[in-house]
Amino acid sequence: MLKLGVNIDHVATLREARYRGGAHGEPDPVTAAQICEAAGAHGITIHLREDRRHIQDRDVWKIREAVRTRLNFEMANTPEIVAIALKLKPEIVCLVPERRQEVTTEGGLDVAGNEFAITETRRRLNDAGIEVSLFIAPDQAQIAAAARTGSQFIELHTGAFAEHFADPIARAAELARLVAGAQQARSLGLRVNAGHGLNYVNLPTLHRVPDLEELNIGHSILSRAITTGLATAVKDMLALMAA
Ligand code: PXP
């Protein structure tokens with residue numbers, strides 16, 4: 001069965017918009033993680049960015065404690081964040097690019113250009129009992145390099161597929177690249193996840209990509225939560241005002 005990891009970074013984005021620098025504030029990513037799990041999500045994904053633009057260090061530890069399913073920790077391959085991951089012990093780390101030089105032309109991690117450093121981090125994380133995934137474009141050279149690093153998973157970058165979804169020709173081309181990428185990865189012994197830009201419209205088409213294990217989805221789920229939850233929030237406030 002295809003699994004869902006919910007990326008809750010944007011819960012923290014909203015909190016930081018009002019409470020940056022404070023020790024508290026709403027909405028709380030820990031509560032969000034618990035709601036996602038109670039609703040059936042198979043995992044929770046968070047990205048501790050070097051610039052701490054959304055998830056903060058304190059969130060990471062509280063979320064680690066609260067998560068009962070599987071914590072997927074997205075991170076750049078930098079000494080500071082690797083040290084945090086080794087202490088945090090998420091079930092899985094997904095290495096993602098944050099700086100321009102780590103990014104391929106197609107937006108995924110440049111594994112081929114950073115093979116040695118990624119292999120070393122992969123080894124240290126695996127030695128600590130943490131599985132490793134690499135967020136890469138469906139590109140032959142990157143997938144081959146990902147296999148050489150010894151990583152357990154790749155996460156195929158679905159950003160181009162999502163971006164071109166409205167154009168049938170470009171959509172078919174992007175879908176074909178994802179299918180070929182998944183097949184190549186499986187043939188090299190890699191397990192395959194996917195994510196970025198997936199939503200309620202493009203998701204059914206993605207089912208044509210074989211062998212996907214888990215999708216990591218954030219923006220569209222949180223956007224829908226706002227629109228579907230807004231009426232209740234307004235009614236709750238009106239009830240308080242009337243009391
Ligand atoms: N996968 C990875 C590696 C990501 O960095 C992100 C967030 O950009 C996602 C999945 C989720 O993307 P989205 O918020 O567009 O669903």
Side-chain angles (χ1 to χ4, degrees), residues 2-14 16 27 29 32-33 36 41-55 59-60 63 70-78 81 85 90-100 102-104 106-111 114 118 121-122 125 130-139 142-143 146 151-165 174 178 181-182 185 190-206 209 212-227:
L2 191 53
K3 293 187 181 139
L4 172 64
V6 181
N7 181 316
I8 58 169
D9 291 344
H10 290 324
V11 176
T13 303
L14 185 56
E16 296 301 299
C36 293
H42 303 93
I44 300 297
T45 297
I46 53 172
H47 182 176
L48 184 67
R49 294 184 61 95
E50 286 184 273
D51 62 12
R52 309 299 201 267
R53 75 168 65 143
H54 38 53
I55 293 288
D59 295 324
V60 159
I63 290 167
R70 181 173 150 88
L71 180 61
N72 174 24
F73 190 56
E74 286 180 5
M75 53 175 258
N77 186 18
T78 65
I81 307 283
E91 278 73 22
I92 182 165
V93 154
C94 183
L95 293 178
V96 299
E98 279 185 23
R99 298 195 180 136
R100 204 178 288 164
E102 300 164 341
V103 185
T104 63
E106 291 156 319
L109 188 64
D110 183 10
V111 185
N114 297 280
I118 290 171
T121 298
R122 191 280 304 156
L125 292 166
I130 303 165
E131 290 188 301
V132 174
S133 179
L134 306 177
F135 181 51
I136 57 174
D139 172 278
Q142 296 297 338
I143 294 167
S151 298
Q152 288 72 47
F153 287 85
I154 57 166
E155 179 172 324
L156 285 174
H157 193 321
T158 49
F161 163 74
E163 202 178 313
H164 294 106
F165 194 76
E174 292 302 335
L178 289 167
L190 289 159
R191 298 167 70 183
V192 186
N193 299 331
H196 200 88
L198 298 177
N199 60 34
Y200 297 84
V201 175
N202 62 30
L203 196 279
T205 305
L206 194 78
V209 180
L212 293 179
E213 288 197 28
E214 181 166 307
L215 303 180
N216 283 302
I217 306 180
H219 189 92
S220 63
I221 291 178
L222 291 168
S223 300
R224 180 167 287 216
I226 290 173
T227 45

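Numbering of ligands and ligand atoms starts at 1, following listing order.
How far CD1 of I44 is from CD1 of I63: 8.5 Å, rounded to the nearest 0.5 Å.
Under the rule for a ring pair (Phe, Tyr, Trp, His ring centres under 6.0 Å), the partners of F165 that lie at least two apart in sequence or sit in another chain are F161. In this structure, the ring pair (Phe, Tyr, Trp, His ring centres under 6.0 Å) partners of H10, at least two apart in sequence or on a different chain, are H219. F135 pairs by the ring pair (Phe, Tyr, Trp, His ring centres under 6.0 Å) definition with H157, not counting sequence neighbours.
Closer than 4.0 angstrom to ligand 1 sit non-hydrogen atoms from N7, E74, V96, F135, E155, G195, H196, G197, N216, I217, G218, H219.
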>> If you apply the rule side-chain contact (heavy atoms from CB on, under 4.5 Å), what do you find for L134 with I118, and how did you get there?
In response: CA-CA 9 Å; L134 306 177; I118 290 171; 3.8 Å; yes

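Among the candidates N7, L222, N199, L4, the single residue satisfying the side-chain contact (heavy atoms from CB on, under 4.5 Å) test with I217 is L4.
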